[in-house]
Amino acid sequence: MTLNLHKVLFEKFGYASFRAGQQEIIESILNKEDVVAILPTGMGKSLCYQLPGYILPSCVIIISPLLSLMQDQVEQLKKLGEKRVVAFNSFLTPNEKQTLLQQLERYKFIFLSPEMLMQEQVKIKLQSMPISLIVADEAHCISQWGYDFRPDYLRLGEWLSHISRPPILALTATATKHVIEDISTHLTMQQPTLHIQSLDRPNIHYAAVEIDSQENKFERILKQIESFSGPGIIYTQSRRKADVYAQKLSDKGFRIASYHAGMDQIDRMFVQQQFLNNEIDWVCATNAFGMGVHKDDIRQVIHDHIPSSVANYAQEVGRAGRDGSDSLAILFYTKDDEDLSIFITTNDFPDESHIRLFDESIKKGLNPNQLISQGLLTETHVRILTFWLARKKINETIEILQQLKQQKVEQIFQMKDILWNSLCIRQQIVEFFGQKLNSKPLNCCSKCGLNIEELIDSSKEHVRELKLQSWEKRISLLFKGIE
DNA sequence: CGCGAACGCAGTATTGCGTTCGCGGTGCAATACT
């Protein structure tokens with residue numbers, strides 16, 4: 001078995017050895033176990049389902065949260081020479097969809113959103129097909145988005161009960177014990193095998209800096225990107241601020257663009273591509289930016305606010321330093337940041353009046369979409385309430401949503417506490433995810449003592465080494481291609 | 001909730017002040033229109 005795996009690894013992917021955790025995960029999958037795998041960003045998660053795909057007899061279904069992520073992975077597989085790969089999503093025309101649906105079993109790797117999986121004709125088709133493996137990519141989304149944003153994530157359990165259920169693999173970079181439980185519940189896992197790598201990223205150095213006023217934040221960020229270079233991401237809390245900062249920094253001569261959900265899909269893809277191609281050095285973005293951005297040499301992640309949870313923070317800073325070289329995660333906060341964070345994360349929640357309004361309109365047989373066009377409810381409200389009121393009584397729904405809202409507020413306080421107290425940031429993050437930190441790197445974080453000058457030197461040195469390495473690697477791949 | 005921009009007013013300057021208004025994250029799919 002082991003020999004066989006290495007053979008496939010080399011022949012299909014061109015690697016001589018596995019990275020930490022990969023082999024164990026793949027062996028569990030081939031052993032027909034349900035698996036929850038937690039691998040830090042950049043540790044080769046996709047290989048964990050791609051390789052078994054070549055060994056297992058039938059297809060692999062990958063549930064993916066973002067269209068851009070699907071497109072990326074499809075392209076990646078195509079580059080490896082795989083033709084039997086497809087993303088079944090709304091980029092397809094109705095005709096293309098019908099055609100594809102009729103010949104879906106021809107494909108080896110099929111990417112879908114949870115929303116698409118819930119569609120009746122997709123359900124029926126997948127019921128009739130042999131499936132070897134189901135993968136939940138970025139599985140923390142089940143917990144993070146399912147309850148109050150994209151309820152189709154919570155419908156996966158019901159969906160799974162209607163197909164001949166193969167083993168399931170859940171992949172993520174960040175999950176607490178609670179999130180792991182959520183994942184296994186909603187993916188109907190009985191006793192999943194856990195493969196958990198250390199979440200600590202020793203080459204990421206943390207800093208939290210208090211700023212006396214909102215107005216001074218920009219000047220401080222400017223100073224920051226002048227002294228410790230990019231490429232990097234600046235996270236802001238609003239779309240407008242992302243645009244304003246990007247404009248101001250662009251005027252100062254930085255190669256930068258903004259990125260947020262208010263932009264066209266095309267523009268967003270363009271910015272991401274420019275960043276990956278080193279045509280710009282900075283992206284100033286809301287939390288819309290990041291998932292699926294496979295850029296290895298991100299040197300800085302700057303925050304202009306307090307993130308809405310430790311999990312979000314870990315995801316965002318985790319995008320730095322995938323190449324292993326020293327990187328900086330620096331966060332600027334003012335004491336009043338939390339007010340806006342609380343407002344933004346809880347504002348969308350349907351309250352009791354929304355819930356009763358929705359319930360009454362359903363009982364009267366009215367279409368809830370009317371309430372949207374009257375401006376009484378948002379689309380998200382309707383989606384969330386449709387989900388909960390179909391499963392819970394009205395009073396239970398009110399209570400559940402109130403609790404969820406309260407949890408959101410608590411998550412902000414947890415984040416704030418990590419920044420404000422005097423303890424090591426790294427240690428607190430690692431412990432938040434239920435792990436133990438064995439050792440701290442030099443220049444660990446702003447609370448342990450951080451010398452940014454030293455970081456700049458060492459990061460330059462490491463980048464130089466890496467460029468040499470990748471040159472050798474490129475040559476070896478070239479020869480492989482000729483053979 | 002809390003901030004900043006825009007507005008309105010006074011009334012003889014190109015500013016000052018109080019008030020109102022608008023804004024504030026994350027995505028899918030499908031539809032309508034060019």
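Side-chain contact of A/His381 with A/Thr378: a donor-acceptor pair under 3.5 Å is present, judged by distance alone. Side chain to side chain, A/Asp243 and A/Ser258 meet the donor-acceptor criterion of an N or O pair below 3.5 Å. For the residue pair A/Gln428 / A/Tyr206, no side-chain donor-acceptor distance below 3.5 Å is found, with atom types taken as modelled. Side chains of A/Tyr49 and A/Asp137: a donor-acceptor N/O pair is absent below 3.5 angstrom, by distance only. For A/Gln237 and A/Asp337, the side-chain atoms include no donor-acceptor pair closer than 3.5 Å.
Taking every side-chain heavy atom of A/Glu215 into account, B/dG4 is the closest of B/dG24, B/dT26, B/dG4. Among the nucleotides B/dT26, B/dC1, B/dG27, the one closest to any side-chain atom of A/His260 is B/dT26.
A distance of about 12 Å separates the C1' atoms of B/dG11 and B/dT15, rounded to the whole Å. Rounded to a whole angstrom, the distance from the P atom of B/dT20 to that of B/dA10 is 15 Å. Atom name C1', nucleotides B/dC28 and B/dG22: the rounded distance is 28 Å, in whole Å. A distance of about 15 Å separates the C1' atoms of B/dC17 and B/dA13, rounded to the whole Å. For the C1' atom pair drawn from B/dC9 and B/dT14, the interatomic distance equals 15 Å after rounding to whole Å.
Between A/Arg268 and B/dG27 there is a side-chain polar atom (N or O) within less than 4.0 angstrom of OP1 or OP2. Remark: A/Thr286 is in phosphate contact with B/dT26, judged by side-chain N or O atoms under 4.0 Å from OP1 or OP2.
When the P atom of B/dG25 is taken as reference, atom OH of A/Tyr147 falls 25 Å away, rounded to whole Å. Rounded to a whole Å, the CZ atom of A/Phe218 is 16 Å from the P atom of B/dG4. Rounding to whole angstrom units, CD of residue A/Glu138 and P of B/dG27 are separated by 13 Å. The separation between A/Phe349 atom CZ and B/dT26 atom P is 16 Å, rounded to whole Å. Residue A/Asp152 contributes atom CG, which lies 11 Å from atom C1' of B/dG27 at whole-angstrom precision. One interatomic measurement links the two molecules: CZ of A/Arg240 to C1' of B/dG4, which rounds to 7 Å at whole-angstrom precision. If you take OH of A/Tyr259 and P of B/dG27, they are 7 Å apart, rounded to a whole angstrom. In this structure, CD of A/Gln411 is placed 14 Å from C1' of B/dT26, rounded to the nearest angstrom.
For the pair A/Phe332/A/Asn216, no side-chain contact is recorded, criterion being any heavy-atom separation below 4.5 Å from C-beta on.
With sequence neighbours excluded, the residues forming a salt bridge (Lys or Arg N to Asp or Glu O under 4.0 Å) with A/Asp297 are A/Lys295, listed by chain and number.
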side-chain contact (heavy atoms from CB on, under 4.5 Å) between A/Leu77 and A/Val74: does it pass, once the steps are laid out? CA-CA 5 Å; A/Leu77 276 161; A/Val74 167; over 6 Å; no
Can you give one letter per nucleotide of nucleotides 29-34 of chain B, 5' to 3': B if a protein heavy atom sits under 4.0 Å from the base, S if only from the sugar-phosphate, - if neither? BS----
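Here A/Gln237 lies in heavy-atom contact (under 4.0 Å) with sugar-phosphate atoms only. A/Arg383 comes within 4.0 angstrom of a base, heavy atoms only. A/Pro65 comes within contact range of the sugar-phosphate backbone alone, with a heavy-atom separation under 4.0 Å but no base atom that close.
Cation-pi contact between A/Lys416 and A/Trp420: present, with separation from the ring centre below 6.0 Å and deviation from the ring axis of at most 45°.
Atom CZ of A/Arg106 is surrounded by 12 or fewer heavy atoms from other residues, nucleotides or ligands within 6.0 Å.
We find that the ring of A/Phe343 and the base of B/dC1 stack, their centres lying under 5.5 angstrom apart and their planes tilted less than 30°.
Ring planes of A/Phe289 and A/Phe275: perpendicular class, angle over 60° (limits at 30 and 60°).
Counting only Watson-Crick and G-U wobble pairs whose two key distances fall under 3.5 Å, DNA chain B forms stems of three or more stacked pairs at B:1-9 with B:16-24.
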